[in-house]
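Below is one structure, written out as structure tokens, with a few remarks after it.
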Amino acid sequence: MATPSDVSMQDLTGSWTLSKTRSDPFDRVFAIQGIPWIIRKVVSIATLSLKATQQVDESGTKTLVFTQAVSVAIGGLSEENEVRVLDWREEFHSSTLFGTSSHRSRLVNLSAATGHDGKPLHSFLSQGLLDEGEPGGDNNLYDLVVHQTNGWVMEQIWGFGMLNDERWLMRTMVVRKGKEVATARAIYDWKGKEDGQ
């Protein structure tokens with residue numbers, strides 16, 4: 001189901017499932033990230049769910065907690081929490097599937113955003129996303145993820161886009177390792193503020 005208009009990047013609280021029919025295939029992204037072929041195949045048939053909750057930490061900084069779960073336990077992974085502190089502070093996350101990576105997150109203005117290297121964002125990252133919210137405001141979530149041992153870097157933008165005249169939560173991603181580059185767009189079905197509501 002498409003996302004209702006009262007859900008925004010300023011309060012992303014809610015539950016979604018990955019729409020495999022609307023999303024791009026992730027095989028090339030996972031291959032660059034070093035995920036073995038058999039695990040990629042299992043992920044391609046599993047149901048992936050996402051729950052987002054927004055909080056304010058002890059310093060008053062807005063945080064976003066993503067709880068991601070798969071319908072089949074994969075290599076010990078069934079559910080993981082990722083905390084995004086939206087002040088560009090470097091945080092580390094250890095994942096059963098991906099290993100250890102650092103990440104930084106911030107809200108950005110799509111028309112003025114630059115990547116971690118100060119250069120304009122890869123054009124794929126903003127493609128198809130709406131510039132919602134306050135005009136000229138920081139209305140989309142930008143994540144930078146750097147793997148600590150495998151050498152890949154992922155930039156992603158979370159926001160909303162239109163598909164068949166309906167508004168959907170989307171995550172665009174560009175993964176680089178050396179000269180290899182892969183892109184993918186994830187589109188999520190809205191389930192409600194609480195599962196199924």
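Numbering starts at 1 and runs along the sequence shown.
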Subject >> Rounded distance (nearest 0.5 Å) linking atom CG of L130 with atom CE of M9 >> reply: 12.0 Å
**OP:** Apply side-chain contact (heavy atoms from CB on, under 4.5 Å) to the pair V29 and Q33, showing each step before the final yes or no.
**Re:** CA-CA 6 Å; V29 169; Q33 291 174 318; 3.6 Å; yes
Subject >> V56 side chain reached by T61 side chain, heavy atoms, under 4.5 Å >> reply: no
Original post:
What distance do S44 atom OG and I39 atom CD1 have between them, rounded to the nearest 0.5 Å?
Top reply: 11.0 Å
Original post:
How far does OG of S101 sit from CD of E91, to the nearest 0.5 angstrom?
Top reply: 11.5 Å
**OP:** Quick one: list whatever passes side-chain hydrogen bond (donor to acceptor under 3.5 Å, both in side chains) with S5, sequence neighbours left out.
**Re:** none
Subject >> Pairwise salt bridge (charged side-chain N to carboxylate O under 4.0 Å, His left out) hits with a residue in residues 168-187, at least two apart >> reply: E155-R176
Original post:
Passes side-chain contact (heavy atoms from CB on, under 4.5 Å), L12 versus Q54? Steps please.
Top reply: CA-CA 7 Å; L12 200 56; Q54 289 199 226; 3.4 Å; yes
**OP:** Assess whether side-chain contact (heavy atoms from CB on, under 4.5 Å) is satisfied between N139 and Q10, documenting all intermediate values.
**Re:** CA-CA 7 Å; N139 300 310; Q10 303 306 319; 3.6 Å; yes
Original post:
Are any of the side-chain heavy atoms of V85 and D57 separated by less than 4.5 Å?
Top reply: yes
Subject >> Nonpolar side-chain network containing L144, other nodes, edges under 4.5 Å >> reply: W88, V108, L110, L121, F124, L125, L129, Y142, V146, V153, I157, L163, W168, M170, V174, V181, I187
**OP:** With the side chain counted from C-beta on, respond yes when F66 and K51 share a heavy-atom pair under 4.5 Å apart, and no when they do not.
**Re:** no
Subject >> Distance-minimising heavy-atom pair for A184 and P25 >> reply: CB-O, 4.0 Å
Original post:
What residues form a side-chain hydrogen bond (donor to acceptor under 3.5 Å, both in side chains) with T13, not counting sequence neighbours?
Top reply: D11
Original post:
Would a hydrophobic clustering, with Ile, Leu, Val, Met, Phe, Trp and Tyr connected at side-chain separations under 4.5 Å, put V83 with L141?
Top reply: no
**OP:** Kindly determine whether W158 and Y188 satisfy ring-ring contact (aromatic ring centres under 6.0 Å, His included), including the steps that lead there.
**Re:** CA-CA 11 Å; W158 293 80; Y188 295 88; 5.8 Å; yes
Original post:
ring pair (Phe, Tyr, Trp, His ring centres under 6.0 Å) with H93: which residues, sequence neighbours excluded?
Top reply: none
Original post:
Can you find a heavy atom in the side chain of Q68 that is under 4.5 Å from one in the side chain of L18?
Top reply: no
**OP:** Kindly compute the distance separating NE2 (H147) from CH2 (W152), expressed to the nearest 0.5 Å.
**Re:** 5.5 Å
Subject >> Rounded distance [0.5 Å steps], CG in L48 versus CH2 in W16 >> reply: 15.0 Å
Original post:
In chain order, what residues pass the salt bridge (charged side-chain N to carboxylate O under 4.0 Å, His left out) check against R106, with sequence neighbours excluded?
Top reply: none
Original post:
Do the side chains of R40 and F26 get nearer than 4.5 Å, heavy atoms only?
Top reply: no
Original post:
Would you call P36 and K41 a side-chain contact if the rule is heavy atoms closer than 4.5 Å?
Top reply: no
Subject >> Set of salt bridge (charged side-chain N to carboxylate O under 4.0 Å, His left out) partners for R22, sequence neighbours left out >> reply: D189
Original post:
Is it true that the side chains of N81 and T67 contain a donor and an acceptor less than 3.5 Å apart?
Top reply: yes
Original post:
Considering only heavy atoms from C-beta outward, does the side chain of T63 approach that of L86 to under 4.5 Å?
Top reply: no
**OP:** For R104, enumerate each residue passing the salt bridge (charged side-chain N to carboxylate O under 4.0 Å, His left out) test, keeping only those at least two apart in sequence or located in another chain.
**Re:** E90
Subject >> Main-chain N/O of E166 paired to N164 side chain as donor or acceptor, under 3.5 Å >> reply: no
**OP:** Would you name the heavy atoms of G159 and N140 that are closest together and state the gap between them?
**Re:** CA-ND2, 3.3 Å
**OP:** Using side-chain hydrogen bond (donor to acceptor under 3.5 Å, both in side chains) as the criterion, list what pairs up with S105, not counting sequence neighbours.
**Re:** D143
Original post:
Could you go step by step and tell me if M1 and K191 meet the side-chain contact (heavy atoms from CB on, under 4.5 Å) rule?
Top reply: CA-CA 7 Å; M1 176 162 93; K191 295 302 178 188; over 6 Å; no
Subject >> Under the side-chain contact (heavy atoms from CB on, under 4.5 Å) test, residues paired with P4 that sit two or more places apart >> reply: D6, V7, W190
Subject >> Sequence neighbours excluded - salt bridge (charged side-chain N to carboxylate O under 4.0 Å, His left out) pairs with any residue from residues 114-139 >> reply: E132-R167
Original post:
In chain order, what residues pass the side-chain hydrogen bond (donor to acceptor under 3.5 Å, both in side chains) check against H122, with sequence neighbours excluded?
Top reply: none
Original post:
Quick one: are E82 and V65 in side-chain contact, heavy atoms under 4.5 Å?
Top reply: no
